[in-house]
Amino acid sequence: MHIPDFELERYFARWEFSAPYLLCASDVEGWRMADLLALASPEDRTRWEELTLGYTETPGLPVLRETIAGVYPGLGADDILTFAGAQEALFVTMNVQLGPGTHAVVTWPGYQSLYEVARATGAEVTLLPLREADGWALDLDALKAALRPDTRMVVVNFPHNPTGSLPDRATFQALCELCEARGIHLFSDEVYRLLEYDPADTLPPAASCFAKGVSLGVMSKAFGLAGLRVGWLACRDAELLAKCRAFKDYTSLCNSAPSEVLSLIALKAREQVLARSRGLLSRNLALLDAFFARHPDTFRWVRPRAGSVAFPRLTRNIPVGRFTEALIAREGVLLLPGTVYAFEGNHFRLGLGRANLPEALIRLERFVNSGVLDTPV
């Protein structure tokens, strides 16, 4: 297998643990261990304290899979397969479902793995652009035109990273019906699901919509528990899950036992966990609304509808890469240039989910007001 460098991860490898203000993080502020354990029921606290650190079951802790299934209407524990993060789940699914002679359609811009892993299997990949002029909306007509007789998978990510866009229910239902009619698996990256700003906008998971709907979930984003490295597939296609389970024998084999129990605690208390995430996003979004209103000549943004990221555009005549480099050098604030996605237009990814966003925003505004953008950076 040959696969290109993961540009986003190479960028973060340089800055993620040295930049004081990570204003482009895609996850929500991480939980402290003590705070998470305080949510545990007596039963699960005992489970934690008596845990032995041996191998775990390849599909995942049975009670964890049962609890995950509770998030997906119509699914049971046998419809859930856990992994060491969403990345592994994605990698495994594409390797068992795609290969030479197959085709996939993938929304773009997006997480590089969603299309590069598909390409690395030998499949042909058609990127389906989301456009700022359309509010980053999913174009179903363009999707239909991209489908071919050998299309095995359509890959979408909603709520979307990096734009924060979200289709309406009718559009998503039409997407599911299209894939079902063509016998195509819909791989739906739903790692930001349940972070909708208006609960009425919450879409049904793809796995609940039809048998070939595959929902990707993880503890990292909405739940603020990236360090646990627990992800999962939810799907009613037993044959596909069996293939993924067998392939997992060659990757992680099984999950971390402590991570499984901590994930269980968080998922059982998910309303409290999600309320914390939503509250943080709501407060930060209000600050960003005011910030962009003060700087209409410097930035344009399509306000996100869900999730913890947005994709504004720098409208000054300065390359976005120079802008982000100068900002980290002067203020210690890290933004992610859209060039990391090979996406034109001077966009950058902005993260909404970190607790120090107010301080980072003060520094960003000081940078903008300093006059440095009035001359080439």
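What's counted below: heavy atoms across the whole structure, side chains too, no hydrogens, waters or symmetry copies.
Looking at heavy atoms from C-beta onward, Pro312 lies in side-chain contact with Phe348 at the 4.5 angstrom threshold. At least one side-chain heavy atom of Asp35 sits under 4.5 Å from a side-chain heavy atom of Arg32. Ser165 has its side chain out of reach of Val302: every pair of non-hydrogen atoms, C-beta onward, lies at least 4.5 Å apart. Thr324 has its side chain within reach of Tyr11: a pair of non-hydrogen atoms, C-beta onward, lies under 4.5 Å apart. Between Asp134 and Arg131, the closest side-chain pair of non-hydrogen atoms falls below 4.5 Å. With contacts defined as side-chain heavy-atom distances shorter than 4.5 Å, the pair Val191/Leu216 qualifies. Using a 4.5 Å cut-off on side-chain heavy atoms (C-beta onward), Leu203 and Leu166 make contact. Looking at Val333 and Ile328, their side chains never come closer than 4.5 Å, going by heavy atoms from C-beta outward.
Taking every heavy atom of both residues into account, Pro205 and Arg193 meet most closely at CD-NH2, 3.2 Å. The minimum heavy-atom distance between Pro204 and Cys209, with the atom names listed, is CG-SG, 3.8 Å. The shortest heavy-atom contact between Asp78 and Leu241 is O-CD1, 3.8 Å. Taking each heavy atom of Leu352 and Leu357 in turn, the nearest pair found is CA-CD1, 4.0 Å. The minimum heavy-atom distance between Leu75 and Cys235, with the atom names listed, is CD2-N, 3.8 Å. Shown here for Ser220 and Asp27, the closest heavy-atom pair between the two residues is O-CB, 3.6 Å.
The line from CG of Leu336 to CG of Leu23 is 11.0 Å long, rounded to the nearest 0.5 Å. Taking CZ from Phe223 and CG from Leu195, the interatomic distance works out to 8.5 Å, rounded to the nearest 0.5 Å. For the atom pair CD of Gln87 and OG1 of Thr251, the computed distance is 11.5 Å after rounding to the nearest 0.5 Å. Separating the CD atom in Gln173 from the CG atom in Leu178 is a distance of 11.5 Å, to the nearest 0.5 Å. For the atom pair CD (Glu29) and CG (Asn356), the distance works out to 6.5 Å, reported to the nearest 0.5 Å. For the atom pair Gln272 CD and Leu274 CG, the distance stands at 10.5 Å (nearest 0.5 Å).
Val218 is not connected to Leu262 by any chain of hydrophobic side-chain contacts under 4.5 Å among Ile, Leu, Val, Met, Phe, Trp and Tyr, and they are in different clusters. By the criterion of side-chain heavy atoms lying less than 4.5 angstrom apart, applied directly or through intervening Ile, Leu, Val, Met, Phe, Trp or Tyr residues, Leu280 is not grouped with Trp31; the two fall into different hydrophobic clusters. Connection of Leu233 to Ile80 is not established within any shared hydrophobic cluster, with ILVMFWY side chains joined at heavy-atom distances below 4.5 Å, either directly or through further cluster members. Under the 4.5 Å side-chain contact rule for hydrophobic residues, Val28 and Leu225 do not share a cluster. No path of Ile, Leu, Val, Met, Phe, Trp and Tyr side chains, each step under 4.5 Å between heavy atoms, connects Leu90 with Met219, placing them in separate hydrophobic clusters.
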Run the numbers on Glu180 and Lys212 for salt bridge (Lys or Arg N to Asp or Glu O under 4.0 Å), then give the verdict. CA-CA 7 Å; Glu180 184 174 26; Lys212 289 192 174 184; over 6 Å; no
Phe12/Leu334 under side-chain contact (heavy atoms from CB on, under 4.5 Å): CA gap, chis, key distance, verdict: CA-CA 10 Å; Phe12 274 121; Leu334 186 68; 4.1 Å; yes
Run Thr126 and His103 through side chain to side chain donor-acceptor pair (under 3.5 Å) and show every step you take. CA-CA 8 Å; Thr126 298; His103 174 248; 2.7 Å; yes
Going through the distances and angles, do Arg363 and Glu359 end up as a salt bridge (Lys or Arg N to Asp or Glu O under 4.0 Å)? CA-CA 7 Å; Arg363 288 172 172 265; Glu359 294 86 354; over 6 Å; no
Run the side chain to side chain donor-acceptor pair (under 3.5 Å) test on Ser26 and Lys221 for me, step by step, so that the C-alpha distance in whole Å, both residues' side-chain angles and the decisive distance to 0.1 Å come before the verdict. CA-CA 7 Å; Ser26 62; Lys221 308 300 185 184; 2.6 Å; yes
I would like to know whether Glu196 and Arg278 meet salt bridge (Lys or Arg N to Asp or Glu O under 4.0 Å); could you show each step before the answer? CA-CA 8 Å; Glu196 295 77 14; Arg278 292 167 182 153; 5.5 Å; no
From CA spacing to verdict: salt bridge (Lys or Arg N to Asp or Glu O under 4.0 Å), Glu325, Arg14: CA-CA 12 Å; Glu325 288 278 353; Arg14 180 182 177 191; 3.1 Å; yes
Between Arg316 and Thr298, is a side chain to side chain donor-acceptor pair (under 3.5 Å) present by the stated rule, with each step listed? CA-CA 6 Å; Arg316 299 289 191 93; Thr298 300; 3.2 Å; yes
Side chains of residues 91-100: which donor-acceptor pairs under 3.5 Å do they make with residues two or more places apart or in other chains?
| from | atom 1 | to | atom 2 | distance (Å) |
| --- | --- | --- | --- | --- |
| Thr93 | OG1 | Ala89 | O | 2.7 |
| Asn95 | ND2 | Phe91 | O | 2.8 |
| Gln97 | NE2 | His185 | ND1 | 3.2 |

Exercise answer: donor-acceptor pairs, residues 52-62 side-chain atoms, under 3.5 Å, sequence neighbours excluded:
| from | atom 1 | to | atom 2 | distance (Å) |
| --- | --- | --- | --- | --- |
| Thr56 | OG1 | Asn255 | N | 3.3 |
| Thr56 | OG1 | Asn255 | O | 2.9 |
| Thr58 | OG1 | Leu253 | O | 3.1 |

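Annotation: ring-ring contact (aromatic ring centres under 6.0 Å, His included) contacts involving residues 119-143, sequence neighbours excluded, comprise Trp136-Phe311, Trp136-Phe343, Trp136-His347. Sorted by first and then second residue, the salt bridge (charged side-chain N to carboxylate O under 4.0 Å, His left out) pairs with a member in residues 100-117 read Glu116-Arg119; sequence neighbours excluded. Here ring-ring contact (aromatic ring centres under 6.0 Å, His included) pairs that include residues 265-292, with residues two or more places apart or in two chains, are Phe291-His295, Phe291-Phe299, Phe292-Phe299, Phe292-Trp301.
Within 6.0 Å of CD in Glu239 there are 12 or fewer heavy atoms belonging to other residues, nucleotides or ligands. For Asp198, the CG atom is densely surrounded, since the number of other residues' heavy atoms within 6.0 Å is greater than 12.
Checking Arg349 against Tyr341 by side-chain atom types alone, a donor-acceptor pair falls below 3.5 Å.
Residues meeting the side chain to side chain donor-acceptor pair (under 3.5 Å) test with Ser215, sequence neighbours left out: Glu190.
For Phe323 and Phe367, the ring centers are positioned less than 6.0 Å apart.
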